[in-house]
Amino acid sequence: MVPPPIARLVAAIGTLALGGCATVSPAKSSRWHIPPDSVFLAEIPPPPAPGSAIVRRQIDEILALQARATPEKVAVARWDYDLTVFTFGIAFDPGLTGKKYPQTARLFRELNNLVERVNDDLKDTFRSPHPFQVDDRVKRFVDAVPGYDYPSYHSARCALFQRVLTDLDPARAEAFVRVSRMVEQDRVFAGEHFPYSIAAGRQLGALLYAALEKDANFRAEIARIRSAEWTPPPGARNSF
């Protein structure tokens, strides 16, 4: 599925940064029952060794993607770098905004902080470099926050967010996956992440969702927000 042209994209999402997207400091703990970080560390395999065949092959893949860069593609990658649940608003018409969905905004800020805490612990354990740090031919199309490559924070959030959004609006499940894939592909294209880091982040997000799904308080909160703000859900955008 091809994302909408950047002009239409900007027009459609220009207001999404307002009302509920502000960054907040990561919580030290979650009010939901989440296993200790060591459990996730045991599930996520280490990244490939520096200089290994998979690293060299994926550097070539990134360079091939960047060779086809256009100003529009770079602009989209820079836009969806600032990922929130409202990034998924491009699947809706008139759109998903924090002003219209304040309870949803609060929930996903907390989920964002949960992913950040666990993901940062894994990143600090593996200390794997970004593609642009491994090979100076790789361009860096975004001003990424300093840190490590593995697992991808963006793909971990996408994997969790798309599942929770599907709980809120099951009919849009495929659209949520398409938004996730767009964000993930843009992270590789932008020189931020290796594809193997995207895969590890996706695995982490799925593990976090599986843990949350077992928590009765979390399930009750999803049901409450679905009733309060997603019945009926926002209208679908036919072009996405």
Side-chain angles (χ1 to χ4, degrees), residues 20-21 23-47 83-88 96 101-128 145 147-181 183-184 187 193-230 233:
C21 290
T23 302
V24 294
S25 300
K28 295 299 182 184
S29 61
S30 171
R31 58 189 171 85
W32 305 302
H33 178 72
I34 299 295
D37 293 358
S38 58
V39 171
F40 300 106
L41 183 61
E43 293 287 339
I44 304 296
L83 175 69
T84 72
V85 66
F86 302 103
T87 305
F88 289 81
L96 179 69
Y101 297 87
Q103 295 180 51
T104 301
R106 287 192 294 271
L107 171 67
F108 280 87
R109 283 199 298 268
E110 190 165 357
L111 292 172
N112 187 93
N113 293 340
L114 171 62
V115 177
E116 184 173 14
R117 177 179 61 78
V118 178
N119 187 259
D120 280 356
D121 190 35
L122 269 63
K123 282 179 180 282
D124 290 342
T125 298
F126 293 123
R127 297 175 176 266
S128 183
V145 174
Y148 299 106
D149 169 69
Y150 185 93
S152 165
Y153 176 36
H154 278 82
S155 64
R157 283 181 291 164
C158 281
L160 177 57
F161 287 8
Q162 75 184 45
R163 286 168 169 81
V164 177
L165 284 168
T166 297
D167 287 340
L168 295 170
D169 185 4
R172 300 299 292 160
E174 292 184 8
F176 299 144
V177 171
R178 289 199 295 272
V179 176
S180 290
R181 296 297 176 265
V183 174
E184 292 172 349
R187 306 286 60 80
H193 289 303
F194 287 97
Y196 60 70
S197 181
I198 296 295
R202 195 183 295 168
Q203 180 183 0
L204 175 59
L207 290 170
L208 285 167
Y209 176 77
L212 287 166
E213 199 177 27
K214 296 175 183 176
D215 188 287
N217 290 330
F218 182 78
R219 295 197 306 272
E221 184 165 6
I222 294 298
R224 178 180 58 78
I225 293 175
R226 183 170 57 239
S227 176
E229 295 186 344
W230 290 76

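Note that the structure is predicted; figures quoted are calculated from it, not measured. Worth knowing before you read on, the calculation uses all heavy atoms, side chains too, and leaves out hydrogens, waters and symmetry mates.
Rounded to the nearest 0.5 Å, atoms CD (Glu110) and CD (Glu221) are 7.0 Å apart. Put simply, CG on Asn217 and NE2 on His33 are 11.5 Å apart, with the number rounded to the nearest 0.5 Å. Note: Glu229 CD to Leu96 CG = 9.0 Å, rounded to the nearest 0.5 Å. A distance of 11.5 Å separates CZ of Arg178 from CD of Gln162, quoted to the nearest 0.5 Å.
Looking at heavy atoms from C-beta onward, Leu41 lies out of side-chain contact with Asp121 at the 4.5 angstrom threshold. Using a 4.5 Å cut-off on side-chain heavy atoms (C-beta onward), Phe218 and Val164 make contact. Side-chain contact between Glu213 and Arg163 is absent, with no heavy-atom pair separated by less than 4.5 Å. Taking 4.5 Å as the limit, some side-chain heavy atom of Pro45 sits within range of a side-chain heavy atom of Gln203. Arg172 has its side chain out of reach of Phe88: every pair of non-hydrogen atoms, C-beta onward, lies at least 4.5 Å apart. A 4.5 Å side-chain heavy-atom check between Leu212 and Leu111 finds at least one atom pair inside the cut-off. Side-chain contact between Ile44 and Leu204 is present, with heavy atoms from C-beta onward closer than 4.5 Å.
Pro151 and Ser197 get closest at one heavy-atom pair: C-OG, 3.4 Å. Smallest separation of non-hydrogen atoms from Ile34 and Ala211: CD1-CB, 4.3 Å. For the residue pair Arg117 and Asp37, the shortest heavy atom distance occurs at NH1-OD1, 3.1 Å.
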Using the side chain to side chain contact (heavy atoms under 4.5 Å, CB included) rule, take Asn112 and Thr84 through it: C-alpha gap first, then chi angles, then the decisive distance, then the call. CA-CA 8 Å; Asn112 187 93; Thr84 72; over 6 Å; no
Quick one: do Arg187 and Glu184 satisfy salt bridge (charged side-chain N to carboxylate O under 4.0 Å, His left out)? Show the steps, please. CA-CA 5 Å; Arg187 306 286 60 80; Glu184 292 172 349; over 6 Å; no
Between Asp149 and Tyr196, does the side chain to side chain donor-acceptor pair (under 3.5 Å) criterion hold? Intermediate values first, please. CA-CA 10 Å; Asp149 169 69; Tyr196 60 70; 4.5 Å; no
Just do the side chain to side chain contact (heavy atoms under 4.5 Å, CB included) check on Phe176 and Phe161 with the steps written out, would you? CA-CA 8 Å; Phe176 299 144; Phe161 287 8; over 6 Å; no
Hey, mind stepping through Leu122 and Tyr153 against side chain to side chain contact (heavy atoms under 4.5 Å, CB included) and telling me if it holds? CA-CA 10 Å; Leu122 269 63; Tyr153 176 36; over 6 Å; no
Can Ile222 and Leu107 be said to form a side chain to side chain contact (heavy atoms under 4.5 Å, CB included), step by step? CA-CA 9 Å; Ile222 294 298; Leu107 171 67; 3.7 Å; yes
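There is no side-chain donor-acceptor pair under 3.5 Å between Tyr148 and Asn119.
Scored by the ring-ring contact (aromatic ring centres under 6.0 Å, His included) test, Tyr209 finds no partners at all (sequence neighbours excluded). With sequence neighbours excluded, no residue forms a side-chain hydrogen bond (donor to acceptor under 3.5 Å, both in side chains) with Glu43.
Without hydrogens or angle criteria, Arg157 side chain to Val115 main chain gives no donor-acceptor distance under 3.5 Å.
Between Phe126 and Tyr150, the ring planes lie perpendicular to each other; the angle is over 60°, past the 30° to 60° tilted range.
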